[in-house]
Every structure is written in structure tokens, then in C-alpha cells.
Amino acid sequence: MPSSPRHFDRFYAVVARIPRGRVATYGQVARLAGLPGHARLVGYAMAALPDGTRLPWHRVVNARGEISLRRDGPGHHVQRVRLRRESVRFDGRDRIALTEFLWRPRGPAATPSPGSRRAR
DNA sequence: GCAATGACGCTCT
DNA sequence: CAGAGCGCCATTG
């Protein structure tokens, strides 16, 4: 493609790192790519992906833990199936428990340093 | 080039 | 917890 925003490639690089069986939010991808607050662009970058891409785009969901694709579209179903195939489970409201399936880079994070407080 | 749209997210009601 | 408003920016008519 002639004109490809340089940000898109950064997003793709992050998405490629999402481990199987885990999901990341659009905002999370944007932040990890160094562009906090640009979640919308991530969604745009995903929409711009070509068919047959090897990128695990299905592991990207919105901050509510729900598939952002329109329910009446084909993509919604595809993403849901691919996630279920990775053991990612949905609740009765078609939402994923981010507390359990959200990708947490930077290690297990099970060792919170005393004094260090979560900045938001 | 302006206006509307959209695979988002945060805050306030 | 759900809905409305606003910000952000690339794409399209």
C-alpha cells in the first residue's frame, strides 16, 4: 500500500507479542506502542489488516473485555471462535474476564514492590 | 478542504 | 452497571 501510517506498524509489532490464550485492550496496545490515548487508531489499524494476515488480531478487545466488532458482522463471530479455541472464555454477557485473561507484559507482576503504587 | 464516521477509552450522570 | 458526552485521529465522500 502506498500510504501506510508509521503508527500502524508499531501497533502490529505489539499485537504480535500477545501470547496465545491472552487478550489485550486497544488502549493497552496503544500504550505499549508508545502512543497512549490513541486506542482508536489501534482499532483503525486492525481494520486495515489484509485478509489472511498471521497477526493475532483476534486477541485485541475493548476495555470492557468485549469484542468491539459489530455483532451483525462476520468478523465478530470469527474473533469469538478463534478466542474460544485458545481457551479464552466468555461469560453470559459475551464478555471476557479481563482479571484473568488480560495480557500482563513485564512479568507475572505477582510481586508488587512495597511503596510502589499503581498510577491509575 | 470540510464534515461525517468509526474494530476506542475515560469521566460524569 | 448502563448511557451520554467529549477527545483523538485516519479514512472517506
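Order of the sequence lines sets the chain letters (A, B, ...), proteins ahead of strands, with each chain counted from 1.
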Interface with DNA chain B, restricted to residues 87-95 of chain A and to heavy atoms under 4.0 Å
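Of all residues in residues 87-95 of chain A, none places a heavy atom under 4.0 Å from DNA chain B.
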Going 5' to 3' through nucleotides 3-9 of chain B and flagging B where a protein heavy-atom sits under 4.0 Å of the base, S where only the sugar-phosphate is that close, and - otherwise, we get ---BBBS
Check A/Glu66 with A/Arg93, please: is the shortest side-chain N to carboxylate O separation under 4.0 Å?
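Looking at A/Arg93 and A/Glu66, the cut-off is not met.
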Rounded interatomic separation in angstrom, taking NE2 from A/His38 and C1' from C/dC6:
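Distance, rounded to whole Å: 15 Å.
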Just by modelled atom types, is the A/Ala33 backbone N or O under 3.5 Å from a matching donor or acceptor in the A/Arg10 side chain?
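Yes, the answer is positive, given that a donor and an acceptor are paired below the 3.5 Å cut-off.
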Is there a donor-acceptor pair closer than 3.5 Å between any side-chain N or O of A/Tyr44 and the backbone N or O of A/Phe8?
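Judged by distance alone, no pair lies under 3.5 Å.
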Specify the closest pair of heavy atoms between A/Ala24 and A/Ile18, including all atoms of both residues, with the distance to one decimal.
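Closest approach of A/Ala24 to A/Ile18, heavy atoms only: CB-CD1, 3.6 Å.
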Ignoring hydrogens, what is the shortest heavy-atom contact between A/Asn62 and A/Leu98? Give both atom names and the distance.
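Closest heavy-atom pair between A/Asn62 and A/Leu98: O-CD1, 4.4 Å.
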Does a side-chain heavy-atom distance below 4.5 Å link [X] with [Y]?
| X | Y | answer |
| --- | --- | --- |
| A/Trp103 | A/Val29 | no |
| A/Gln79 | A/Leu69 | yes |
| A/Val15 | A/Val60 | yes |

